[in-house]
Amino acid sequence: MDHFSYRDGVLHAEDVPLTAIAEAVGTPAYVYSRATLVRHAKVFREALAAVGPIHLAYAMKANPNIAVLRVLAHEGYGADIVSGGELDRALAAGIPASDVVFSGVGKSAAELAHALDAGIGQFNLESEEEGVELAAIAAARGQRAICALRVNPDVDALTHAKISTGKAENKFGVAYDRAGAIYAKLAALGGLEMRGLAVHIGSQITDLAPSRQAFTRMGELLEAIRSEGLTVSHMDLGGGLGVPYQPGEQLPGPADYAAMIAEVAAGWDTTMMFEPGRVITGNAGVMVTRVIRVKQGVSAPFVVIDAAMNDLARPSLYDAWHDFVALTPSGERMTAHIVGPICETSDTFAMGREIDAMEAGNLAAFRTAGAYGATMANTYNSRSLVPEVMVDGDKWAVVADRIEPSTILAAEHVPDWLE
Ligand code: LLP
């Protein structure tokens, strides 16, 4: 459920007409609903609380805006981070360092040291090599880094190949068959406190069977490691739960996910950690855009909008579907191709889609754009970096400015020797 709905024929975010935001801020622009973020955070927490003691680390890569983080910090969420930059954002948003989990295959020595200094709660080690390096950095500082070992369970998440992470050939985690030995080796290093296992098989998961299989394998590994006399007190089951992108799409939700986990993890006797991203922020955001013109095409008209693949990359990268609706629909419908102004064919949001009838100047929105939307934006074709707005009831505020091409140009330099 989200808080974007039509009132008197105008799409609103909570109590604010999106047309008013578009007029004031310009387009394209992302708009988030605070009530939706809070609702999703609560629903996920309440569902998962049934599985035992839990720790929730919001995967901030999905939407790292500082106002979004602040809302989730108020809901008691920690952060799953993948860079020093994300750590700084989490801390700036008021998330306690002890609630931060650091994932990622390429944490640099500087990032590891920075995270140790900050006192983060857990490092999810993605390789033996990383563990050895972190142990040395921690020992040199007289510290012990609290760690989980990320394991690659070799399970196909049945999602888009580019966001699948749990197959043996993917770069993530250590090989399942070697995990027990690596855990024992790292546990023996003075600089590390190995306390758990971590797994994350992919994103936009819409079938729970692969997760069940992966978590079952993790349970077997947990037993094997414990039988060697080692401690495993935490199990981090990652994120990945999918969200509906199309109207009427029925997917397993947090309650189904929690029921599956309660079954698989019965008897584990560990703190259960989760790293949800999309399920928290996906449906809490839309991207508002204006139609520049409608151009005749051979098979269907092209609705050329002022948003492009640099503002919302998911359709061009993953052939993702984002529902496209008029802010003030006339009731008429049309079949059209939806494209942006960028000079490549991948700047296409949809082909031959039935949509609300559009003409030049109309305002429209892509739905379910709160996750992996603004954060993946760039300035390709010297376009601006898209702004972000948050709505709370009848209030709204710009929570990320539009970065104009002139600002980016001002950060570039022509060296003397080219003068
Ligand atoms: N934990 C780890 C270790 C991850 O790598 C990810 C996402 C998550 C948690 C959160 O997954 P979520 O709950 O959001 O599915 N840009 C892509 C998605 C990339 C996901 C990367 N990792 C997209 O737009 O679909």
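For reference, positions follow the sequence shown, starting with 1. As the structure lists them, so they are numbered: ligands from 1, and atoms in each ligand from 1.
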Pair Tyr30, Asn63 - check side chain to side chain contact (heavy atoms under 4.5 Å, CB included), show working.
CA-CA 11 Å; Tyr30 280 88; Asn63 186 328; over 6 Å; no

What are the atoms of ligand 1, with element, lying closer than 4.0 Å to any heavy atom of [X]?
X      : value
Gly277 : 12 (P), 13 (O), 14 (O)
Arg150 : 3 (C)
Ala59  : 8 (C), 9 (C), 10 (C)
Gly239 : 9 (C), 13 (O)
Gly240 : 11 (O), 12 (P), 13 (O), 15 (O)
Ile163 : 17 (C), 18 (C), 19 (C), 25 (O)
Met376 : 16 (N)
Asp80  : 1 (N), 2 (C), 9 (C)

Please write down residue, atom name and distance for the protein heavy atom closest to [atom].
atom                    : result
atom 21 (C) of ligand 1 : Lys61 CD, 3.6 Å
atom 14 (O) of ligand 1 : Tyr372 OH, 2.6 Å
atom 2 (C) of ligand 1  : Glu275 OE1, 3.4 Å
atom 8 (C) of ligand 1  : His200 CE1, 3.4 Å
atom 17 (C) of ligand 1 : Tyr318 OH, 3.2 Å
atom 24 (O) of ligand 1 : Arg314 NE, 2.6 Å

Could you tell me which non-hydrogen atom of Ala79 sits nearest to which non-hydrogen atom of Met60, and how far apart they are?
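Nearest pair, atom of Ala79 first, then Met60: CB-SD, 4.1 Å.
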
Could you report the tightest heavy-atom contact between Glu133 and Ala109, atom names first, then the distance?
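In this case the closest contact between Glu133 and Ala109 is OE2-CB, 3.4 Å.
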
For the pair Tyr245 and His322, name the ring-plane relationship: parallel under 30°, tilted 30 to 60°, perpendicular over 60°.
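Taking His322 first and then Tyr245, their aromatic rings stand perpendicular (interplane angle over 60°).
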
Hey, does Ser203 come in under 3.5 Å of ligand 1, counting only N/O atoms on both sides?
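Yes; at least one N/O pair falls below 3.5 Å.
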
I want to know if ligand 1 touches Val279 in the polar sense, i.e. an N/O pair below 3.5 angstrom.
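No, there is no polar N/O contact under 3.5 Å.
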
Please identify which of these residues, His200, Arg150, Glu275, Glu130, meets the side chain to side chain donor-acceptor pair (under 3.5 Å) condition with Asn124.
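One option only clears the test, and that one is Glu275.
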
Flag, side chain of Arg39 to backbone of Asp2, donor-acceptor distance under 3.5 Å
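No; zero donor-acceptor contacts below 3.5 Å.
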
Indicate whether the side chain of Glu404 and that of Ser406 have a donor and an acceptor atom separated by less than 3.5 Å.
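Judged by distance alone, the side chains do not pair up.
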
Verify whether one side chain among His114 and Asp88 offers a donor that lies under 3.5 Å from an acceptor in the other.
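Note: His114 and Asp88 side chains meet the donor-acceptor criterion.
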
Do Phe349 and Phe324 have ring centroids that are under 6.0 Å from one another?
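Centroid separation for Phe324 and Phe349: 6.0 Å or greater.
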
With a 4.0 Å cut-off on heavy atoms, is His160 touching ligand 1?
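Not so, His160 does not reach ligand 1.
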
Counting only heavy atoms closer than 4.0 Å, does ligand 1 sit against the backbone of Arg278, its side chain, both, or neither?
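Arg278 to ligand 1: contacts from backbone and side chain alike.
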
Select one of side chain, backbone, both or neither to describe which atoms of Phe172 lie under 4.0 Å from any atom of ligand 1, heavy atoms only.
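Neither; nothing of Phe172 gets under 4.0 Å from ligand 1.
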
Candidates Ile81, Val100, Leu91 - the one meeting side-chain contact (heavy atoms from CB on, under 4.5 Å) with Glu86:
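Testing each of Ile81, Val100, Leu91 against Glu86, the sole residue satisfying side-chain contact (heavy atoms from CB on, under 4.5 Å) is Ile81.
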
Output, in order, the C-alpha distance, side-chain angles, deciding distance and verdict of side chain to side chain contact (heavy atoms under 4.5 Å, CB included) for Val31 and Trp396.
CA-CA 9 Å; Val31 181; Trp396 64 270; over 6 Å; no

Tyr58 and Leu37: CA distance, side-chain angles, deciding distance, side chain to side chain contact (heavy atoms under 4.5 Å, CB included) verdict:
CA-CA 12 Å; Tyr58 164 62; Leu37 288 169; over 6 Å; no

